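Just so we're clear, the structure is a prediction, and the values are computed from it rather than from any experiment.
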Amino acid sequence: MAQDFSAMTKRAVILDCDPGQDDAVAILLALASKDDIDLLGITTVAGNVPLGLTESNARRICELAGRPDMKVFAGASQPLMRKLVTAEWIHGRTGLDGANLPDPTMPLQEQHSVDFIIDTCRTASDGSITLCPIGPMTNLALAFMKAPDIVPKVQEIVCMGGAVKEFGNTTPAAEFNIYVDPQAAKVVLDTGIKLTMMPLDVTHKALVTPERLQRMKDLNSPVGDVCGGMLDYFNRFDMTRYGFDGGPLHDPCVIAYLIKPELFSGRNVFMDIEVTSELTMGQTLADWWDIQEKEPNAYICDDLDVEGFFDLLIQRLAVFG
Ligand code: BDR
Ligand code: CA
């Protein structure tokens with residue numbers, strides 16, 4: 001089902017992330033897309049690896065992109081109520097294994113991610129900010145809990161998370177970002193802000209096959225080399241575990257949606273999130289067939305134009321030279 005995007009203009013975006021190789025590509029895609037995205041700041045959260053690594057990895061990627069001026073903030077170091085679960089088994093010890101980037105020299109902002117989100121929203125006009133969480137949603141939940149007055153300032157939340165018709169990738173029921181902080185995801189969902197979600201149903205189609213990886217390496221640039229190296233590393237897990245033809249570029253789907261939403265299709269549905277059962281903790285339960293006839297509260301993507309997505313990504317990565 002297609003949405004009407006005719007009135008869309010350049011978006012003012014806060015990218016909330018836990019780099020992570022696929023987060024890193026999402027950051028690069030956002031930085032390469034100045035005509036489509038006004039990136040106000042990058043907020044980081046504990047997720048794929050602990051906070052000290054996610055914030056320094058975000059800075060490493062900004063420096064790689066020649067953007068040491070970008071504001072990078074550190075946020076929550078643990079989920080709202082649960083013990084932090086990390087994913088070194090996928091991303092490696094550093095979170096960016098395979099990238100081989102030096103330690104960053106650009107500063108980390110002193111302000112906490114949550115306060116940056118609140119202050120930015122408070123000074124914005126109604127319906128003008130797009131929030132893009134591509135890690136656990138702890139920072140966003142804390143911002144809405146601390147400052148519920150910012151809710152009207154948000155135009156849309158476009159997130160990577162969940163698994164609707166797919167199985168989970170962290171438990172049989174749950175996808176990583178939602179599993180790590182399900183209570184936070186529920187707080188965010190319950191704000192009632194327009195939510196667009198990229199679950200595993202769509203991201204498991206955005207596979208970095210050997211041919212697509214080669215296209216990145218053929219950019220013959222520092223960005224192309226780093227993407228080649230880190231995605232080579234990232235690919236190995238999903239190719240071995242799932243027998244996929246490549247690793248899924250989960251998080252860049254969110255940024256690609258901001259730029260070219262017509263690449264994606266999905267459905268407006270009612271969704272809820274499991275926050276009590278240990279067995280199915282973090283499951284995203286979407287009423288795909290409208291069995292309950294409840295008012296939809298999320299637009300959930302389940303398909304994309306894969307070639308269009310990779311053409312967009314590689315064209316944009318080429319701007320770094
Ligand atoms: C999500 O979890 C992380 O491992 C990735 O960065 C992505 O955001 C996929 O389940
Ligand atoms: Ca992520």
Under 3.5 Å: donor-acceptor pair, side chain of [X], backbone of [Y]:
X	Y	answer
Thr86	Glu88	no
Thr209	Asp245	no
Arg11	Asp38	no

- Message: On a heavy-atom basis, which atom in Leu142 and which in Leu80 lie closest, and how many Å separate them?
- Response: CD2-CD2, 3.6 Å
Is it the case that [X] and [Y] place a side-chain donor and acceptor less than 3.5 Å from each other?
X	Y	value
Gln111	Asp119	yes
Asp16	Thr43	yes
Thr105	Glu63	yes
Thr138	Asp181	yes
Asp22	His250	no
Asp97	Thr94	yes
Asp218	Gln214	yes

I want to check a possible cation-pi pair here: [X] against [Y], using under 6.0 Å from ring centre and within 45° of the ring axis as the test.
X	Y	answer
Arg82	Tyr179	yes
Arg236	Phe234	no
Arg267	Trp289	yes

Distance in Å, [X] [atom1] paired with [Y] [atom2], rounded so as to fall on 0.5 Å steps:
X	Y	atom1	atom2	answer
Tyr299	Glu156	OH	CD	10.5 Å
Phe176	His91	CZ	NE2	6.5 Å
Gln155	Ser125	CD	OG	10.0 Å

- Message: Is there a continuous path of hydrophobic side-chain contacts, each under 4.5 Å between heavy atoms, that joins Leu200 to Phe237?
- Response: yes
- Task: Let me see the working for Arg316 and Asp35 under salt bridge (charged side-chain N to carboxylate O under 4.0 Å, His left out), right down to the final yes or no.
- Result: CA-CA 11 Å; Arg316 294 292 164 104; Asp35 290 343; over 6 Å; no
- Task: Check the pair Lys260, Asp305 against salt bridge (charged side-chain N to carboxylate O under 4.0 Å, His left out), reporting the backbone distance first and the verdict last.
- Result: CA-CA 11 Å; Lys260 270 194 160 188; Asp305 167 355; over 6 Å; no
- More than 12 non-hydrogen atoms from neighbouring residues, nucleotides or ligands closer than 6.0 Å to NZ on Lys71, yes or no? no
- Item | Neighbour count >12 (heavy atoms, 6.0 Å) for atom NZ, Lys165 | yes
- Item | Min side-chain heavy-atom separation Trp288-Asp302 under 4.5 Å | yes
- Audit row: Thr196, Ile157, side-chain contact (heavy atoms from CB on, under 4.5 Å) steps and yes/no: CA-CA 6 Å; Thr196 294; Ile157 295 168; over 6 Å; no
- Under 6.0 Å between the ring centres of His204 and Phe244? yes
